[in-house]
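Note sheet for the following structure.
Naming: A, B, ... by sequence-line order, numbering from 1 per chain.
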Amino acid sequence: MTVRVLLFGHYRDAAPPEAEGGAFALPLPDGATVADAARALAERDGRFADLLARTRVAVRAEFAAPDTRLAEGDELAFLPPMSGG
Amino acid sequence: MTVRVLLFGHYRDAAPPEAEGGAFALPLPDGATVADAARALAERDGRFADLLARTRVAVRAEFAAPDTRLAEGDELAFLPPMSGG
Amino acid sequence: MILLTTEPLDPAEATRHVMTAHDGAYVLFVGVVRDHARGRAVTGLEYQVYAPMAEQQMRRIVDAVRERWGLACAILHRYGYIGVGEASVVVCVASAHRAEAFDACRWAIDTLKADVPIWKKEFAANGTFWIEGEDSVPAAVGGAAEAAS
Amino acid sequence: MILLTTEPLDPAEATRHVMTAHDGAYVLFVGVVRDHARGRAVTGLEYQVYAPMAEQQMRRIVDAVRERWGLACAILHRYGYIGVGEASVVVCVASAHRAEAFDACRWAIDTLKADVPIWKKEFAANGTFWIEGEDSVPAAVGGAAEAAS
């Protein structure tokens, strides 16, 4: 399956070249979790090694957990500590 | 001596006919206190009987006490519980 | 800054007076004449003020906010007749940090309500009343309530 | 109401949306870009936003203020580049009573800062930094930081 990964803050600066607005496709084995996706990203690029430790995650724009299972086409966002306001 | 009394709120509605903007002259014996002034007003008009119980007082626009001594020309204001804002 | 006026209040004026390029936030409190009070329909309020003392007390609140919090504060209060929906009071506090701005603004309006000599006369469906703290006392019919100068 | 926009914010718009004739007060919080942060001179900020989630989270804050306090709340947030002195966020809460308005407004801005997915990039004298909670992380030079649609 393929999910759509969204990166923010300094992680977006490390997004792969094909990313648009911090978004890019990530192929994953069926049944993969949020944590599996983070591991796949860390294997691609060492700058994502601390991704899950430093971010909250959202799946389909709702807060999710590392063990949340992903489905085909899900939007998976890694959210660094926020600084709006 | 004579002080200038200032009344506010419903007490102003009971001010003597000569009052202008709630202000009028009150003759008092030399050495009179705020409490003496309140008693003099209560003797003139029963509607002032509870004046000191229901108001804070200011002398020359500063909060004062019932035993504060008055001087010639002092402005003595009786201040009901405030309701600004 | 403080302002005691019979003219309509402009909250933006308070903001302009307190904000500098160093401030990251401001908190603004605006009191507005509402259409009811104590279960009665209200058509408007008339504020009576002991002007020299009120201005002095307002200035002391501004000074106290500077001393206690190190923050700039502006207070505007209108008096005379004010219709429903119009602002009677504006308090603005600027700060680098929001928590202090909330604390100081709240303290300023609480202190104003307790210690600034201003009284409201309520024009209600069933009569006219002086509001004196928690009490409401029937007002004399046709009684003039101008500000003492 | 909520508004997420690249246009300058108008605090009066938030006020208009929350005030009714029954309300006696409103509390307004406005966050403004300041000229320094963490000891560095700042010339401006660029806000990055996860728009669909941010709007949903802002709507939830408005709903929570209605449920917990029974009060109307408006939240405006600007994104993209914002210069020093310009407003980045506006929160307004209307109420019959001031204590609740202060509590609810403060809760709303605190919750926004924690749970609404928006990040600021700081253009400072010594570089460009992503602000991520307490951390500030050097940003890629020339890195585009558009809002995700």
Side-chain angles (χ1 to χ4, degrees), chain C residues 9-12 14-16 18-39 41-45 82-114 120 122 131, chain D residues 9-12 14-16 18-39 41-45 82-114 120 122 131:
Chain C
L9 302 182
D10 177 13
T15 303
R16 270 195 305 276
V18 298
M19 283 298 285
T20 72
H22 305 307
D23 295 309
Y26 64 87
V27 171
L28 185 74
F29 173 87
V30 178
V32 174
V33 176
R34 57 190 169 143
D35 65 359
H36 70 288
R38 282 156 282 270
V42 169
T43 57
L45 297 178
I82 312 184
V84 169
E86 292 188 85
S88 54
V89 65
V90 172
V91 179
C92 188
V93 175
S95 177
H97 304 288
R98 69 188 183 283
E100 290 78 5
F102 275 107
D103 286 345
C105 186
R106 191 168 183 160
W107 179 85
I109 181 65
D110 287 351
T111 304
L112 181 150
K113 287 186 180 248
K120 58 176 68 127
E122 221 169 67
I131 308 306
Chain D
L9 302 182
D10 177 12
T15 303
R16 270 195 306 276
V18 297
M19 284 297 285
T20 72
H22 305 306
D23 295 310
Y26 65 87
V27 171
L28 185 74
F29 173 86
V30 179
V32 175
V33 176
R34 57 191 169 141
D35 65 359
H36 71 288
R38 283 156 282 270
V42 169
T43 58
L45 297 178
I82 312 185
V84 169
E86 291 188 84
S88 54
V89 64
V90 172
V91 179
C92 188
V93 175
S95 176
H97 304 287
R98 69 188 183 283
E100 290 78 5
F102 275 107
D103 287 344
C105 187
R106 192 168 183 160
W107 178 85
I109 182 65
D110 287 351
T111 305
L112 181 150
K113 287 186 181 247
K120 57 176 70 129
E122 220 169 66
I131 308 307

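Distance CD/D:E100 to CH2/D:W107: 15.5 Å, rounded to 0.5 Å. With values rounded to the nearest 0.5 angstrom, C:K120 atom NZ is found 7.5 Å from C:I131 atom CD1.
Proximity to chain C (any heavy atom under 4.5 Å) is shown, for D:V30, by both the backbone and the side chain. Interface residue C:A99: backbone and side-chain heavy atoms are both found under 4.5 Å from chain D. Residue contact with chain D, scored on non-hydrogen atoms closer than 4.5 Å, is absent for C:C92. With a 4.5 angstrom heavy-atom cutoff, D:A94 does not touch chain C via any of its atoms. Looking at C:A96, both its backbone and its side chain come within 4.5 Å of chain D, counting heavy atoms on both sides.
Contact tally against chain C (heavy-atom pairs below 4.5 Å) for D:V27, D:V91, D:T15: the top residue is D:V27. Of the listed residues (D:M19, D:H22, D:H36, D:K113), the one with the most heavy-atom contacts under 4.5 Å to chain C is D:H22. The most heavy-atom pairs under 4.5 Å with chain C, out of D:A21, D:A25, D:A101, come from D:A21. Chain C forms the most heavy-atom pairs under 4.5 Å with one residue out of D:V84, D:V89, D:D110, and that residue is D:D110.
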* Chi angles and distances behind the side chain to side chain contact (heavy atoms under 4.5 Å, CB included) call for D:V18, D:V93 -> CA-CA 7 Å; D:V18 297; D:V93 175; over 6 Å; no

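Between C:F29 and D:F102, a ring centre-to-centre spacing shorter than 6.0 Å is recorded.
Across all their heavy atoms, C:V32 and C:S88 have their closest contact at N-OG, 4.3 Å. Nearest heavy atoms, D:A87 versus D:L9: O-CD1, 3.9 Å.
Electrostatic pairing of D:R106 and C:D103 counts as a salt bridge here, judged by a charged N lying under 4.0 Å from a carboxylate O.
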